[in-house]
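Notes follow once the structure below has been shown.
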2 protein chains.
Amino acid sequence: MEPGDSTKQARAAAQLRKGVLEYCVLALMRDRPRYGVELLHALEDSGALATSQGTVYPLLSRLRRDDLVTTTWQESASGPPRRYYALTDSGRAALDEFTRVWPGFRNAVDAFLATPHPSTGDLA
Amino acid sequence: MEPGDSTKQARAAAQLRKGVLEYCVLALMRDRPRYGVELLHALEDSGALATSQGTVYPLLSRLRRDDLVTTTWQESASGPPRRYYALTDSGRAALDEFTRVWPGFRNAVDAFLATPHPSTGDLA
DNA sequence: CCTGGTTCCATGCGATGCAAGATACCTGGT
DNA sequence: ACCAGGTATCTTGCATCGCATGGAACCAGG
């Protein structure tokens with residue numbers, strides 16, 4: 001996906017990311033603290049959720065503002081210090097919430113796409 | 001889900017809807033033309049994608065503006081006339097695009113949520 | 001000193017969902 | 001004729017979010 005890509009497919013994928021990215025980032029921190037570029041690379045590797053720094057850093061700022069993550073600076077062997085992001089209790093709760101909500105949402109979309117007649121309610 | 005609901009769960013679901021609603025509405029028109037309130041009820045029935053008129057009508061306006069749907073007025077036996085929305089070729093193409101993109105996206109999110117270690121790339 | 005790689009962050013724009021309100025049509029009761 | 005209630009459409013203003021762009025700081029090597 002090149003930067004200047006503005007095809008319909010890219011547009012659909014872009015809209016799709018909205019709101020989900022936040023929780024995928026939280027999920028990445030579930031095991032251990034991560035730093036910005038690390039998260040960026042993990043999202044890139046996933047393919048469908050690849051994004052840019054201009055998206056991740058404001059997102060991380062919001063997470064910190066809402067007390068979903070805490071941060072600690074840590075020296076790096078090769079490069080400037082890294083700011084590591086770790087889940088707070090609120091952050092873990094939010095992630096759990098999302099994990100509960102997601103399957104229902106996913107199945108609903110699957111139903112709309114799969115079924116020829118996703119049931120308007122009537123059958124007459 | 002009450003109107004004034006602002007719990008974390010509702011917030012997560014709201015963010016989730018972004019970008020997906022458009023294509024679910026298109027999917028609902030796949031078989032036959034539908035009118036606003038009909039679409040609204042179908043979304044309500046799905047549970048996870050329930051929304052309000054203030055969301056659906058601007059969305060339908062955008063779809064019409066982008067030539068993804070065409071509309072025709074039709075009398076109703078009980079009530080004011082209804083504006084029926086039908087897919088255009090572009091609309092059907094957009095729906096197909098989304099149908100192609102969605103599984104990859106869905107699986108990516110599933111992977112992030114399910115796996116304890118969604119692979120930062122390293123395995124050492 | 002200067003180039004290049006790594007890491008962080010802020011600004012401005014466009015798009016989207018939503019609450020709230022406004023308008024119009026039809027039916028039925030008084 | 002009048003009014004209330006349900007059906008159906010649409011608009012306005014707000015908050016949020018993803019993203020392109022640009023900038024700043026730190027380290028290593030030539």
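The chains referred to below are lettered A, B, ... by the order of the sequence lines, with proteins before strands, and numbering in each begins at 1. Since the structure is predicted, the reported quantities are computational estimates derived from the model, not experimental observations.
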**OP:** Determine, stepwise, if the pair A/Thr71 / A/Tyr35 fulfils side chain to side chain contact (heavy atoms under 4.5 Å, CB included).
**Re:** CA-CA 9 Å; A/Thr71 66; A/Tyr35 65 99; over 6 Å; no
Figure out the [atom1]/[atom2] separation between [X] and [N], and round it to whole Å.
X       : N      : atom1 : atom2 : answer
A/Leu68 : D/dT16 : CG    : P     : 14 Å
B/Gln74 : D/dT7  : CD    : C1'   : 16 Å
A/Leu60 : D/dG18 : CG    : C1'   : 13 Å
B/Trp73 : D/dT7  : CH2   : C1'   : 12 Å
B/Leu16 : D/dT16 : CG    : P     : 18 Å
B/Arg34 : D/dT9  : CZ    : C1'   : 18 Å
A/Glu22 : D/dT16 : CD    : P     : 12 Å
A/Tyr84 : C/dC9  : OH    : C1'   : 18 Å

Original post:
With sugar-phosphate meaning primed atoms plus P, OP1 and OP2, does B/Gly54 contact a base, only sugar-phosphate, or nothing at under 4.0 Å between heavy atoms?
Top reply: base
Taking the side chain of [X] as heavy atoms from C-beta outward, which of [options] is closest to it?
X       : options                : value
B/Arg17 : C/dC9, C/dA10, C/dC18  : C/dC18
B/Gln53 : D/dA20, C/dG17, C/dG21 : C/dG21
A/Tyr57 : C/dT7, C/dC18, C/dT16  : C/dT7
B/Lys18 : C/dC25, D/dC19, C/dT16 : C/dT16
A/Leu21 : C/dA10, D/dG18, D/dC10 : D/dG18
A/Pro80 : C/dG17, C/dG5, C/dC18  : C/dG5

Original post:
What is the minimum heavy-atom distance between B/Leu26 and B/Ala94, and which atoms define it?
Top reply: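 Residues B/Leu26 and B/Ala94, closest heavy atoms: CD1-CB, 4.4 Å.
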Subject >> Pairwise 5' ranking along DNA chain C for A/Thr55 and A/Arg82, keeping only the more 5' one >> reply: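 Residue closer to the 5' terminus by nearest nucleotide: A/Arg82.
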**OP:** Let me know, please, whether B/Ser76 or B/Leu59 comes out on the 5' side of the other along DNA chain C by nearest nucleotide.
**Re:** B/Leu59
Does [X] have a side-chain nitrogen or oxygen under 4.0 Å from the phosphate oxygens OP1 or OP2 of [N]?
X       : N      : result
B/Ser52 : C/dC18 : no
A/Arg62 : D/dC17 : yes
B/Tyr35 : D/dT9  : no
A/Thr51 : D/dC19 : yes

Subject >> Donor-acceptor under 3.5 Å (A/Arg30 side chain, A/Leu87 main chain) >> reply: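 No: the side chain of A/Arg30 does not pair with the backbone of A/Leu87.
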Original post:
How far apart are the C-alpha atoms of B/Arg34 and B/Val25, what are their side-chain angles, what is the distance that settles it, and do they pass the side chain to side chain contact (heavy atoms under 4.5 Å, CB included) test?
Top reply: CA-CA 9 Å; B/Arg34 310 267 193 163; B/Val25 166; over 6 Å; no
Subject >> 5' priority, DNA chain D, between A/Val20 and A/Pro81 [closest heavy atom] >> reply: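 Closest to the 5' end, via its nearest nucleotide, is A/Val20.
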Original post:
Taking side chain as C-beta onward, heavy atoms only, is A/Leu68 less than 4.5 Å from A/Leu95?
Top reply: no
Original post:
Could you walk me through whether A/Val69 and A/Leu60 pass the side chain to side chain contact (heavy atoms under 4.5 Å, CB included) check?
Top reply: CA-CA 8 Å; A/Val69 300; A/Leu60 290 172; 5.7 Å; no
